[in-house]
Structures are given as structure tokens and as C-alpha cells.
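All figures in this text were calculated on a predicted structure; none of them were measured in a lab.
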Amino acid sequence: MTKSRAVAAARPVFAGWRIMRSDAGRLWATRERPFSPAVEEAGAHRTVDADDLVELCQVIAAQECIAEAAR
């Protein structure tokens, strides 16, 4: 699977997150809907980055866990 296909394949897994690749090859994801101020105060970040798709998926999951715990 090519890297661009891998990024496309991750989209359904993290619905609500937009995944992009920078010119330098780094992966970024931004949440389409902002977290509430309370969730942000709990430490969730709307935009995250990672070296590879596995790490990006872990970072996104961590943000959603922080959000769930803060709700």
C-alpha cells in the first residue's frame, strides 16, 4: 500500500478528522469540529502531527480519549 493510500485508508477510522501530509512528508490531522473549551483545558489538541500513520492514529485516539474523559 502506498503512503497516500494509507492516509486515505485512515480517514474512515477517524471520521471527523482531516488527515494531510506536509511537503516534508510529515502527517498532520486536524479535527473538523473544535473541541469545547473545557475539553481543550483538559489537554486535548485539535491539530496533531506524527512521523507515520501508526503514530498519527495513536495521537488522534489519545486526543479523543482526553475529550471523552473531560465530558
Side-chain angles (χ1 to χ4, degrees):
M1 181 181 294
T2 66
K3 287 183 182 180
S4 59
R5 278 188 175 172
V7 170
R11 286 188 182 125
V13 174
F14 291 105
W17 286 81
R18 184 168 303 170
I19 298 173
M20 303 153 281
R21 183 178 299 279
S22 72
D23 291 341
R26 191 152 178 87
L27 291 172
W28 290 80
T30 189
R31 200 167 191 268
E32 293 172 352
R33 295 181 63 197
F35 288 117
S36 69
V39 171
E40 288 182 357
E41 284 182 29
H45 299 283
R46 182 179 182 188
T47 302
V48 295
D49 66 321
D51 290 325
D52 58 42
L53 188 58
V54 171
E55 183 182 349
L56 186 66
C57 291
Q58 292 169 341
V59 173
I60 291 170
Q63 301 313 301
E64 292 295 340
C65 285
I66 293 168
E68 189 61 33
R71 288 188 187 114

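For residues 33-50, the salt bridge (Lys or Arg N to Asp or Glu O under 4.0 Å) pairs, not counting sequence neighbours, are Arg26-Asp49.
Partners of Ala62 by side chain to side chain contact (heavy atoms under 4.5 Å, CB included), not counting sequence neighbours: none found.
Looking at Gln63 and Trp17, their side chains never bring a donor and an acceptor atom within 3.5 Å of each other.
For the atom pair CG of Leu56 and CG of Asp51, the computed distance is 10.0 Å after rounding to the nearest 0.5 Å. The CZ atom of Arg71 lies 11.5 Å from the CD1 atom of Ile66; values are rounded to the nearest 0.5 Å.
Across all their heavy atoms, Ala70 and Ala42 have their closest contact at CB-CB, 3.6 Å.
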Can Val59 and His45 be said to form a side chain to side chain contact (heavy atoms under 4.5 Å, CB included), step by step?
-> CA-CA 10 Å; Val59 173; His45 299 283; over 6 Å; no
